[in-house]
Amino acid sequence: MSGRKNAGKASPCLLILISFGCFFLTYNFLTTLGRGRGLDGPRKFLGGGDRDAAVSGSDPAKRFHVALTATDALYSQWQSRIMHYWYKEMRGRPGSDMGGFTRILHSGKPDGLMDEIPTLVVDPLPEGKDQGYIVLNRPWAFVQWLQKAKIVEDYILMAEPDHIFVRPLPNLAHGDEPAAFPFFYIKPTENEKILRKFFPEEKGPVSKIDPIGNSPVIIKKAQLEKIAPTWMNVSLKMKEDQETDKAFGWVLEMYAYAVASALHGVHHSLRKDFMIQPPWDLKSNSTFIIHYTYGCDYTMKGQLTYGKIGEWRFDKRSYLRTPPPRNLTLPPPGVPESVVTLVKMVNEATSNIPEWDDER
């Protein structure tokens, strides 16, 4: 038990970082209250928005708070708007255990979506600390949110802007066993040499590290409160280690969450039905989330041309500086149902979100 307690304690450097972070977070909190545009009081800053999201008849003990980390970049904003739209559509349907919703905005200042999406503004890492790897701000954002937010639910879903709920999401966790999606490219046993720098032998075999990232994960709030500081510590240490940084690249922060969880003795139930990732996954009827991280490129005959721009395509990276237009052209015949569903759901969201084309 002492090993677990020590694993959750922050290093002296982390305590200094959190102290300064909390100072700036408090400063931001007070100043943004004065200058925010049309804010409806502390509710938006304390992560308590959309309280009416609780599903009538669902078990209150199983409800989870939906939390996604985001920036104020337009690319992140339009994805967050679509994600929040489908959350609102699915939260009240039978089978849903969705509770409240918070966008954890780690840009350090309010943006134009404060009135539309319940948001907590938190501070980014000190300048230069993320070394250009913006995802490194995610664990620090969760640390701040968990310290400041009034979260009424016992569970939390960690989600991302490029997630679309295709079905009402129940609580897939089982008590103290969180639920997570297994990623094929997270391979702890194949990276034992590197992971031993952060997961010592006395903690057991590296197979105790789950092949997951932090998202999507449904986890008890009390567990995440213990894991989050360790997750931040491990992320920073991994980024500072050149061998680890080179080996893990853009999935470094995912490995860090998996390691931090294992350090606290937390094992996740692996749910392949949690989400799909088009174009590789072909059907959406047995999943809960579409994660549109990969580009979808096809010929007009419906043949996949991944790695080569297709005659028809949908790729979120095509919309870095402007949101996708309303009424995107549907895929040609022969394209998998998952891709067709993705585009239809994007179109439905954009057609119903007010002022979709306006800069926020």
Side-chain angles (χ1 to χ4, degrees), residues 21-22 25-26 28-29 32-33 36-55 60 62-73 76-92 96-124 135 137-165 169 171 173 178 214-225 227-228 231-232 257 289 360:
C22 289
L25 178 61
T26 304
N28 256 344
F29 176 83
T32 47
L33 277 178
R37 179 175 63 85
L39 304 182
D40 64 353
R43 183 174 69 98
K44 294 216 171 172
F45 284 90
L46 296 178
D50 285 2
R51 292 285 193 217
D52 59 340
V55 180
K62 294 184 65 178
R63 291 178 194 148
F64 55 84
H65 196 98
V66 180
L68 75 153
T69 52
T71 73
D72 60 1
S76 179
Q77 287 182 326
W78 69 256
Q79 293 174 49
S80 297
R81 298 181 80 189
I82 292 174
M83 192 271 194
H84 184 240
Y85 172 86
W86 282 109
Y87 154 79
K88 291 190 296 181
E89 287 293 307
M90 296 296 172
R91 67 185 179 182
S96 168
D97 287 318
M98 295 174 175
F101 186 103
T102 302
R103 180 183 60 137
I104 309 172
L105 183 64
H106 54 76
S107 300
K109 61 184 186 300
D111 66 359
L113 296 180
M114 303 298 292
D115 292 334
E116 181 177 328
I117 305 176
T119 299
L120 170 71
V121 178
V122 299
D123 290 303
V135 184
N137 287 279
R138 181 176 292 155
W140 172 223
F142 270 105
V143 168
Q144 295 174 79
W145 179 58
L146 290 164
Q147 288 176 344
K148 297 295 181 180
K150 293 181 180 178
I151 308 162
V152 299
E153 298 87 356
D154 290 333
Y155 290 85
I156 292 168
L157 165 66
M158 292 187 281
E160 296 180 18
D162 59 353
H163 287 176
I164 289 178
F165 296 106
L169 180 60
N171 188 340
N214 83 289
S215 176
V217 165
I218 299 177
I219 186 171
K220 272 190 172 179
K221 176 176 60 180
Q223 290 176 307
L224 187 57
E225 286 172 340
I227 292 172
W231 173 25
M232 183 176 75
Y257 174 79
I289 294 172
R360 313 299 288 186

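In what follows, residues are counted from 1 in the order of the sequence shown.
Contacts of Ser80 classified as side chain to side chain donor-acceptor pair (under 3.5 Å), with partners at least two apart in sequence or in another chain: none. Residues that satisfy the side chain to side chain donor-acceptor pair (under 3.5 Å) test with Asn171, not counting sequence neighbours, are absent from this structure. Listed by chain and residue number, nothing satisfies the side-chain contact (heavy atoms from CB on, under 4.5 Å) test with Asp154 (two or more places apart in sequence, or in another chain). With sequence neighbours left out, Phe64 forms a ring-ring contact (aromatic ring centres under 6.0 Å, His included) with no residue at all. By the salt bridge (Lys or Arg N to Asp or Glu O under 4.0 Å) test, Glu225 pairs with no residue at all, sequence neighbours left out. Residues passing the side-chain contact (heavy atoms from CB on, under 4.5 Å) test with Thr71, sequence neighbours excluded: Ala73, Ser76, His106, Ser107, Ile134.
Remark: the backbone N or O of Gly100 is paired with a side-chain donor or acceptor of Glu153 at under 3.5 angstrom. Distance alone, capped at 3.5 Å, is enough to place a donor-acceptor pair between the Gln144 side chain and the Trp140 backbone. Between the Trp86 side chain and the Ile289 main chain, no donor and acceptor come within less than 3.5 Å of each other. Side chain of Thr102 to backbone of Ile104: no donor-acceptor contact under 3.5 angstrom is found.
When every heavy atom of Phe101 is checked against every heavy atom of Met83, the shortest pair comes out as CE1-SD, 3.6 Å. In plain terms, the two heavy atoms of Gln77 and Gly112 that are nearest each other are NE2-N, 4.3 Å. When all heavy atoms are compared, the tightest approach of Ile219 to Met158 is CG2-CE, 4.4 Å. In terms of heavy-atom proximity, Val66 sits nearest to Ala159 at CG1-CB, 4.5 Å. Annotation for Tyr155 and Ala173: closest pair CE2-CB, 3.9 Å, computed over non-hydrogen atoms.
Put simply, the side chain of Asn214 reaches to within 4.5 Å of the side chain of Arg138, judged on heavy atoms. The side-chain heavy atoms of Ile151 and Leu146, taken from C-beta on, include a pair separated by under 4.5 Å. Asp97 places none of its side-chain heavy atoms less than 4.5 Å from the side chain of Ile218. Using a 4.5 Å heavy-atom threshold, the side chains of Val217 and Leu224 count as separate. The shortest distance between side-chain heavy atoms of Ile164 and Ile82 falls below 4.5 Å.
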- [ ] Could you give me the CA-CA distance, side-chain angles and deciding distance for Phe165 and Glu89, then say whether side-chain contact (heavy atoms from CB on, under 4.5 Å) is met?
- [x] CA-CA 9 Å; Phe165 296 106; Glu89 287 293 307; over 6 Å; no

Task: Ile227/Tyr257 under side-chain contact (heavy atoms from CB on, under 4.5 Å): CA gap, chis, key distance, verdict - done: CA-CA 8 Å; Ile227 292 172; Tyr257 174 79; 4.0 Å; yes

Open item on the list: Please evaluate residues Met98 and Leu157 with respect to the criterion side-chain contact (heavy atoms from CB on, under 4.5 Å), reporting the C-alpha separation (whole Å), side-chain torsions for both, the decisive distance (0.1 Å), and the verdict.
Closed with: CA-CA 9 Å; Met98 295 174 175; Leu157 165 66; 5.9 Å; no

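We find the CG-OG1 distance between Leu120 and Thr69 to be 12.0 Å, quoted to the nearest 0.5 Å.
Aromatic ring orientation, Trp145 versus Phe142: perpendicular (interplanar angle above 60°, classes split at 30° and 60°).
Using a cut-off of 4.0 Å between Lys/Arg side-chain N and Asp/Glu carboxylate O, Arg103 and Glu116 are scored as not salt-bridged.
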